[in-house]
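Below is one structure; the comments refer to it alone.
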Amino acid sequence: MIVEVIVDVSAYPIDRPFDYIVPEDLQTVIERGSRVHVPFGNRKVQGFITNIKVHSDLDISKLKEIISIIDVEPVITEELLQLSKWMTNKTLCYEIDALQVMLPAALRATYKKEIMLVEPDGVDIESLALFGAKETIAYEVFEKAGLLRLMKKYLNQGNFRLETVIKQNAKVKTIAKYRIVKDVELVHTQLNELPKNAVKQKELIEWLLMQKQPSFTMEELKSFAKANNHTVKALIDKGILEKEKKEIYREINSLEYNDQDRRFKLTDEQQEALQKINDAQDNDQNTTFLLHGITGSGKTEIYLNAIERSINEGKQAIMLVPEISLTPQMTRRFKLRFDDQVAVMHSGLSAGEKFDEWRKIWRGEVKVVVGARSAIFAPFKNLGLIILDEEHESTYKQEDTPRYHARDVAIWRSEFHNCPVILGSATPSLESYARATKDVYTLLTLNMRAKEQSLPIVNIVDMRAELKNGNRSMFSVGLADAVREKLEKNEQIVLFLNKRGFSSFVLCRDCGTVVECDNCDISLTYHREGEQLKCHYCGHEEPVPKQCPECSSEHIRFFGTGTQKVEEEITKLFPYARVLRMDVDTTRTKGSHERILKQFGDGEADILLGTQMIAKGLDFPNITLVGVLNADTTLHLADFRAAEKTFQLMTQVSGRAGRHDKEGQVYIQTYTPEHYAIEYSKSQLYEPFYHKEMLVRKQFEYPPFYYLTLVQVTHENVLLAAEYAKLATDWLRMNLSSTTMVIGPTSSAISKIQNRYRYQCLIKYKKEPILVEKLQQLIKIYRTEWIKKGIILTIDLDPSTIL
DNA sequence: TCCCGGAGCTTA
DNA sequence: AAGCTCCGGGAT
């Protein structure tokens, strides 16, 4: 028996299956999708079985045997195996990367180098001492001792042998439990033989004999049976009790809430949308629905209902949210409705917790997963529904290999399982809405807020006028008055600081120099703690300079608005307001998002001040005012989606106000009130914005009118980066159809990251059937020729940004 | 002549 | 990717 194995090595010449012989004793447990350990070159690696066959095309003498099988039950289902093949082709990644991304990190192998002492004769005392009594020790021991050179010599001479050891990271958490041994007679004889003074022991046995539950933890024995360590230990020694290891799941800590599940009666609109989804579910149709519902229109309640239907039919559901750790309220609602049938998957969990949640899905113990992007690979076997909430969010696209979009994966899986997909958003991506208007997706619209509140009133404030009138504060008169008013009424306020592409930087007031990162073409961000400047791209840190590095002027200070600065100003303007700040600094520790949001929800603060992370999901009845302090910053990104992003953000943030009985008010402060993305935010109507933006996209030949592919070339040397970018561009121009536009090469908007200069080429096309094939050829040229020069080439099909 | 680092090759 | 062999140049 022969198996094809995709080995755990991401490199170009290895991106194909390798044949291995299955030893006799393993043949009955071999399955496609299981992980195995195999010899590869002169090391051992992990791999996935992707095929089982009788004969190999190679001579049998060239084949090696599998070392061991790790999974008796495959971790990659047949469906996911097919999906990985599709992803490999769709995102131009290695097959191993596609397979790895589907599994929790805990299942990924890590490798350790070990040195084995085979022939002590001729090895010096010092080296021998490192081994002590052990036969093998870690490679690092020699490294630390500074004896690498000597070690190499011994390896050559055959005194030592180098071994790679595969380490499994997936640790199953266990708990010790105690129970009475099965042999009833023995228990009774022992019980009779107990000395008279062993009262506690006797009591414990009698108590245990009366219980239905077979085994107990020490904790339970202590609290229920009033036992103690000594008693239990004595009984174990006598052979009456035995200890066993029980597998348990890590408990994901959540704060205490005193709310409960509430089933809302659906509005006619909601009912109508749900009906269409239900029809698709009942008829096993793989329809993709675009659920376009304004903020507060009750999309979540539709999701919950549709999922419930799938569960009742014995199927499972995937619910994706952009970044779930930011929206504990959403998770909460799912847990309340579906209780322990829900698994949760997001970046806030530890590797062990993710592993446990994944296993619940894999074993079929849960019916729903609520999670971020990677939850789209949940190994459910009978999917009935897939939902992407806030489908326009760019977090659904993975930014490094494999560069997949969760939406595409969702649609692929829906075709496999014949189940519907729901893409939900108040502000759909232009791509999705365009597809809906062309009936590729089925459009479902919710125009009314579920509780029939009107949308909040949006005021656009021209900050230039404020400045002219001598108001140099970051609060316009209108917003400041509104804040004061709401504070008096004891209502809550959300203040939003748009920080994407813009943060506090250090500027010389004399020569205008902005302090930039030495490694990257990015200005350093000012952090107040420790007076540090940090680079958000490479992590470089340096203290704030006392004088300008260019002109030595001392008039150098930080500029721009950070949340801390706004907080200071709030305390000055509204001294009695209680403020909660939510940004990268205050949410560094685990669970801090949830804690802050809960505090705000419980009314412990009047003002919630934050960045992007407060834009979505907040649903508190007492929020009646939303202020956007600086709407423009996302507008000036050198990206064709800048306007779309701004409009979406404004609409999302505004939607936080007045979701319940009280009317909401919104102030959007801007220096460019005439920009259409800002103007259309006033009405919060999606359609007019959509039509306007579509005109722009058409004019400049961007998606959804054209598809994009971004090819980036980087090198430490500017000239080489530019040269090879030109080679790549010219090659593409030569080899792609004449109707395809190949633009560039140009320097990327961020021209340097981590000391590597970046050049790019943009491919625009409506139809290019040979694209993937040609890109694969280009990759081949790069992998075999250019890579030697230190060039790195990356290809992103349907990039989410082109910076 | 020894020893290293780099280039090139192979992995079943 | 990572480990091996081969080869050339500088140190010995």
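In the text below, chain A, chain B and the rest are named by the order of the sequence lines, each starting its count at 1.
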- Message: Whether A:Glu73 and A:Lys381 form a salt bridge (side-chain N of Lys/Arg under 4.0 Å from carboxylate O of Asp/Glu) is what I want to check.
- Response: no

- Message: Check A:Glu353 with A:Lys590, please: is the shortest side-chain N to carboxylate O separation under 4.0 Å?
- Response: yes

- Message: Once side-chain contact (heavy atoms from CB on, under 4.5 Å) is applied, do any residues pair with A:Ala343, and if so which ones, sequence neighbours excluded?
- Response: A:Glu357, A:Ile361, A:Val366, A:Val369

- Task: Would you please name every residue forming a side-chain contact (heavy atoms from CB on, under 4.5 Å) with A:Phe416, sequence neighbours left out?
- Result: A:Glu79, A:Gln82, A:Trp412

- Which residues pass the salt bridge (charged side-chain N to carboxylate O under 4.0 Å, His left out) test with A:Arg35, sequence neighbours left out? A:Asp71

- Does A:Lys113 have any salt bridge (charged side-chain N to carboxylate O under 4.0 Å, His left out) partners at least two apart in sequence or in another chain, and if so, which? none

- Query: Between which nucleotides of DNA chain C, 5' to 3', does chain A make heavy-atom contacts below 4.0 Å?
  - Reply: C:dA1 to C:dC4

- Message: As a quick check of understanding, evaluate salt bridge (Lys or Arg N to Asp or Glu O under 4.0 Å) for A:Glu393 and A:Arg373, giving each step before the final call.
- Response: CA-CA 11 Å; A:Glu393 279 296 323; A:Arg373 182 180 59 227; over 6 Å; no

- Task: At the 4.0 Å heavy-atom cut-off to chain A, mark where contacts on DNA chain B begin and end, going 5' to 3'.
- Result: B:dC4 to B:dA12

Would you mind writing out the side-chain donor-acceptor pairs for residues 794-803 of chain A within the sub-3.5 Å range, not counting sequence neighbours?
| residue | atom | partner | partner atom | Å |
| --- | --- | --- | --- | --- |
| A:Asp796 | OD1 | A:Lys397 | NZ | 2.6 |
| A:Ser800 | OG | A:Glu399 | OE2 | 2.5 |

- Does a donor on one side chain and an acceptor on the other come within less than 3.5 Å for A:Gln712 and A:Ser748? yes

By the 4.0 Å heavy-atom rule, please label [X] as base, sugar-phosphate, or nothing.
X	result
A:Lys113	sugar-phosphate
A:Pro13	base
A:Tyr20	sugar-phosphate
A:Arg149	sugar-phosphate

- Message: Please evaluate residues A:Ser84 and A:Glu95 with respect to the criterion side chain to side chain contact (heavy atoms under 4.5 Å, CB included), reporting the C-alpha separation (whole Å), side-chain torsions for both, the decisive distance (0.1 Å), and the verdict.
- Response: CA-CA 7 Å; A:Ser84 74; A:Glu95 201 170 341; 4.3 Å; yes

- Strictly below 4.0 Å, heavy-atom distances to any atom of DNA chain B: list the hits from residues 59-68 of chain A, or just say none. A:Lys62, A:Leu63, A:Lys64

- Contact check, residues 775-797 of chain A vs DNA chain B, heavy-atom distance under 4.0 Å, returns none

- Query: What is the ring orientation for A:Phe377 with A:Tyr404, classed by angle as parallel under 30°, tilted 30 to 60°, or perpendicular over 60°?
  - Reply: perpendicular

- What pairs meet the side-chain hydrogen bond (donor to acceptor under 3.5 Å, both in side chains) rule with one or both residues in residues 36-50 of chain A, with sequence neighbours excluded? A:His37-A:Gln168

Could you give the side-chain donor-acceptor pairs of residues 727-736 of chain A under 3.5 Å, partners two or more places apart or in another chain?
| residue | atom | partner | partner atom | Å |
| --- | --- | --- | --- | --- |
| A:Thr729 | OG1 | A:Ala725 | O | 2.5 |
| A:Asp730 | OD1 | A:Lys726 | NZ | 3.4 |
| A:Asp730 | OD2 | A:Lys726 | NZ | 2.8 |
| A:Arg733 | NE | A:Val742 | O | 3.4 |
| A:Arg733 | NH2 | A:Val742 | O | 2.8 |
| A:Arg733 | NH2 | A:Gly744 | O | 3.0 |
| A:Asn735 | ND2 | A:Trp731 | O | 2.7 |

- Message: Any residue in residues 42-58 of chain A with a heavy atom nearer than 4.0 angstrom to DNA chain C? Just list them by number, or reply none.
- Response: A:Asn42, A:Arg43

- Query: Under 6.0 Å from the six-membered ring centre of A:Tyr20 and within 45° of its axis: does the NZ or CZ of A:Lys64 meet both?
  - Reply: no

- Test salt bridge (Lys or Arg N to Asp or Glu O under 4.0 Å) applied to A:Glu516 and A:Lys752, step by step: CA-CA 11 Å; A:Glu516 289 189 346; A:Lys752 188 171 82 162; over 6 Å; no

